[in-house]
Amino acid sequence: MYRLQNIDTDVFLKEYWQKKPLLIRQGFKDFEDPIDEHELAGLTEEESVDSRIVNNQAGIWEVAHGPYDDINEHCLGQWSLLVQSVDHFVPDADSLMNTFDFIPVWRMDDLMVSYSNTGAGVGPHLDQYDVFIIQGKGSRRWQVGLPSDYETVRPHCDLSQITGFTPVIDEVLTAGDIIYIPANHPHNGVALEPCMNYSVGFRAPSQQEMLTSFADYAIDNNLLSNRYQDQALSARKFSGEIKQQEVAQFKALLAESLQSDAFEKWLPTFLSDNKKAEDESNQQIEEFSEQAIMEMLESGEYFYRAPGIKPIFVEPKTTCEPSSSFTFHIAGEAYSGPSGSANLVKKFLTEPFITQEFLVDDDGQPQYILHNHFTALLTMLVNKGHWYIEE
Ligand code: SIN
Ligand code: CO
């Protein structure tokens, strides 16, 4: 439904990604908003949806977090409603976000959607993450500057702004235009008329986050229990002294854990971990038997990947044995495809939906050998809520 254009993704990665801001005029031709402001407001009624309204009345900033008793109470002066992770709730918003999959999906965070009235914005600020902001209906003036030591101010405890910056991009965006803003580049968007914006946000884990998660994983799975050893302990003048050689031994012990198989197992678990997907999995999901899934597949039902689901997998170190099974991760959990099916499963994971035809070979013959195992996998994914059947 959405097709990204007017961007050469190879040139973009080489020259702009994490380096320079870029304006992409008409990145989407005849752009149609995947959601309108009323549906956006409707989403904020859910407890699990993270939303905020930022308003400015005569220079006084306020921030209110959803769900709201009465949303209109906060839509005062110049205001923006900003809703996180809309890709998890609205299939068309998920499709829009997926057009940016020339960047790996494990680098993506969520699609934040905003609606602003005339004159509104959240003020000049910095974000720690890269973002593509797509202009939906309406128009907005976007200014973007270069990284520097900016003075941060907090006109409200939930709002971090900077005092000002010199723009290197200062343009009015209309529906279908896109602006790419690398992390830590100051920016400011001011609505020239009521407008929608879609922010494809990326994640970049810090060493702190990784070490914490890796340690939790090791504890949960009883891994990495090797201890410090020092058969070569030598006498020293000060008993409290740690010798440089010993500092190196401690570093080596810790470095060994990063070189272990445990690291390879943990990384995709960590990168696919998605708190939001977990929240949704608490919802009631209808359970199907393998037999029922098989029958639905054979009767031509469509199986859709649920919005917000981004399966990932690690490239094998060596060329895979054709018969080996294929492991991928969704929301921090590992799944295995049938033996010898790596290519089929990879294709399945990237298709927005499949039907029975997915399981026929080039000559139109059903691949019966795979059928049973594949159905078992599909059943598990449907029962987890990661794929669903369109009624
Ligand atoms: C928006 O108002 O839609 C985006 C806010 C931002 O600049 O991060
Ligand atoms: Co921003």
Side-chain angles (χ1 to χ4, degrees), residues 1-19 21-22 24 26-29 31-35 84-113 127 129-136 176-183 197-205 267-274 276-277 280 302-316 326-332 335 337 342-354 358 381 386-388:
M1 174 184 175
Y2 291 105
R3 204 171 61 81
L4 190 57
Q5 57 169 29
N6 292 340
I7 173 174
D8 179 326
T9 53
D10 291 335
V11 172
F12 174 81
L13 290 175
K14 199 154 163 262
E15 315 237 324
Y16 294 94
W17 174 246
Q18 294 236 295
K19 298 178 253 320
L22 175 68
I24 306 156
Q26 289 303 287
F28 295 101
K29 198 167 171 284
F31 183 78
E32 281 182 30
D33 291 87
I35 183 170
Q84 297 294 147
S85 302
V86 175
D87 56 308
H88 284 253
F89 303 98
V90 179
D92 285 348
D94 186 47
S95 307
L96 176 62
M97 182 170 188
N98 286 335
T99 57
F100 292 85
D101 67 0
F102 59 95
I103 313 283
V105 293
W106 47 262
R107 257 319 234 115
M108 292 182 179
D109 191 9
D110 70 341
L111 186 79
M112 196 264 288
V113 182
D127 292 315
Y129 307 105
D130 299 65
V131 67
F132 287 98
I133 301 180
I134 302 149
Q135 184 63 46
D177 292 339
I178 305 170
I179 197 153
Y180 164 68
I181 307 172
N197 281 97
Y198 303 88
S199 297
V200 180
F202 292 86
R203 52 163 79 163
L267 186 65
T269 310
F270 172 67
L271 291 176
S272 68
D273 194 10
N274 195 326
K276 294 149 214 149
E280 282 144 42
Y302 282 58
F303 290 75
Y304 288 84
R305 195 176 63 237
I309 294 301
K310 294 182 170 57
I312 67 167
F313 50 89
V314 180
E315 179 189 30
F326 170 75
T327 301
F328 59 93
H329 287 73
I330 296 175
Y335 296 87
N343 287 339
L344 183 88
V345 177
K346 279 184 207 169
K347 188 161 179 287
F348 161 67
L349 297 178
T350 44
E351 296 285 339
F353 65 86
I354 61 149
F358 182 76
L381 293 168
H386 296 334
W387 262 255
Y388 65 96

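Sequential numbering from 1 along the given sequence is applied to the chain's residues.
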Q: Between the side chain of N6 and the main-chain N/O of Q26, is any donor-acceptor distance below 3.5 Å?
A: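 Yes; judged by distance alone, with no hydrogens or angles, the pair exists.
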
Q: Side-chain contact, heavy-atom cut-off 4.5 Å: V105 with F100?
A: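 Not touching, per the 4.5 Å side-chain cut-off.
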
Q: Quick check: are there more than 12 heavy atoms from other residues, nucleotides or ligands sitting under 6.0 Å from CD of E32?
A: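 Check fails, neighbour count at 12 or below.
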
Q: With the side chain counted from C-beta on, respond yes when V131 and F202 share a heavy-atom pair under 4.5 Å apart, and no when they do not.
A: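 With C-beta onward as the side chain, the pair stays apart.
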
Q: Run the numbers on D130 and Q18 for side-chain contact (heavy atoms from CB on, under 4.5 Å), then give the verdict.
A: CA-CA 7 Å; D130 299 65; Q18 294 236 295; 2.8 Å; yes

Q: Can you check whether R305 reaches P311 side chain to side chain, under 4.5 Å on heavy atoms?
A: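 Yes, their side chains come closer than 4.5 Å.
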
Q: Ring centroid separation for F303 and Y388, is it under 6.0 angstrom?
A: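 Distance test on ring centres: not under 6.0 Å, no.
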
Q: Fit a plane to each ring of Y302 and Y304, take the angle between them on a 0 to 90° scale, and name the class: parallel (under 30°), tilted (30 to 60°) or perpendicular (over 60°).
A: parallel

Q: For a quick test of reading the model, state the closest non-hydrogen atom pair linking I133 to S199 and the distance between them.
A: CG1-OG, 3.7 Å

Q: In terms of side-chain heavy atoms, does Y2 have a donor or acceptor partner in D92 at a distance below 3.5 Å?
A: no

Q: Does any part of the side chain of D101, heavy atoms only, come nearer than 4.5 Å to the side chain of I103, both counted from C-beta?
A: no

Q: Do L22 and I178 come close enough that some side-chain heavy atom pair is under 4.5 Å?
A: no

Q: Rounded to the nearest 0.5 Å, what separation is found between the CZ atom of F313 and the OG atom of S272?
A: 12.5 Å

Q: Which atom names give the shortest non-hydrogen contact between G201 and M97, and what distance separates them?
A: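 Nearest pair, atom of G201 first, then M97: O-CE, 4.5 Å.
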
Q: With a 4.0 Å cut-off on N to O distance, would you call K310 and D87 a salt bridge?
A: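 A salt bridge links K310 with D87.
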
Q: Of all heavy-atom pairs between A93 and P34, which one has the smallest distance, and what is that distance?
A: N-CB, 3.7 Å

Q: Side-chain contact test, heavy atoms from C-beta onward, threshold under 4.5 Å: evaluate it for H329 versus Y335 and give yes or no.
A: no

Q: More than 12 non-hydrogen atoms from neighbouring residues, nucleotides or ligands closer than 6.0 Å to CZ on F12, yes or no?
A: yes

Q: Where the side chain of K19 meets the backbone of W17, is there a donor-acceptor pair that is under 3.5 Å apart?
A: yes

Q: When rounded to the nearest 0.5 angstrom, what is the spacing between CG in L111 and CD1 in I134?
A: 6.5 Å

Q: Taking atom CD1 of I312 and atom CG of D273, what is their separation to the nearest 0.5 Å?
A: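 Rounded to the nearest 0.5 Å, the CD1-CG separation comes out at 10.0 Å.
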
Q: Do the side chains of F328 and V314 get nearer than 4.5 Å, heavy atoms only?
A: no

Q: With rounding to the nearest 0.5 Å, note down the distance linking CG in L349 to CD1 in I330.
A: 6.5 Å

Q: For T99 and L96, which heavy atoms make the closest approach, and how far apart are they?
A: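 For T99 and L96, the tightest heavy-atom pair comes out as OG1-O, 2.6 Å.
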
Q: Within a reach of under 6.0 Å around NZ of K29, are more than 12 heavy atoms found that belong to other residues, nucleotides or ligands?
A: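 Check fails, neighbour count at 12 or below.
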
Q: For residues 2-16, which residue pairs pass the salt bridge (Lys or Arg N to Asp or Glu O under 4.0 Å) check, not counting sequence neighbours?
A: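 Checked against salt bridge (Lys or Arg N to Asp or Glu O under 4.0 Å) - neighbours excluded - no pair reaches residues 2-16.
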
Q: Measuring from atom OH of Y16 to atom CD1 of I24, what distance do you get when rounded to the nearest 0.5 angstrom?
A: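 Going from the OH atom of Y16 to the CD1 atom of I24 covers 9.5 Å.
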
Q: Can you say whether the rings of F102 and F132 are parallel (under 30°), tilted (30 to 60°) or perpendicular (over 60°)?
A: perpendicular

Q: Can you find a pair of side-chain heavy atoms, one from F89 and one from I35, that are under 4.5 Å apart?
A: no

Q: For the residue pair F353 and W387, is the inter-centroid distance of their aromatic rings smaller than 6.0 Å?
A: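 No, the ring centres sit 6.0 Å or more apart.
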
Q: Please determine, by modelled atom types, if D110 and Q84 share a side-chain donor-acceptor pair under 3.5 angstrom.
A: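 The criterion, which ignores hydrogens and geometry beyond distance, is satisfied for Q84 and D110.
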
Q: Checking D33 against Y198: is there a side-chain donor and acceptor pair closer than 3.5 Å?
A: yes

Q: To the nearest 0.5 Å, what is the distance between CZ on F358 and CD on E351?
A: 6.0 Å

Q: Do side-chain atoms of R107 reach the backbone of R203 as a donor and acceptor pair under 3.5 angstrom?
A: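 Answer holds: yes.
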
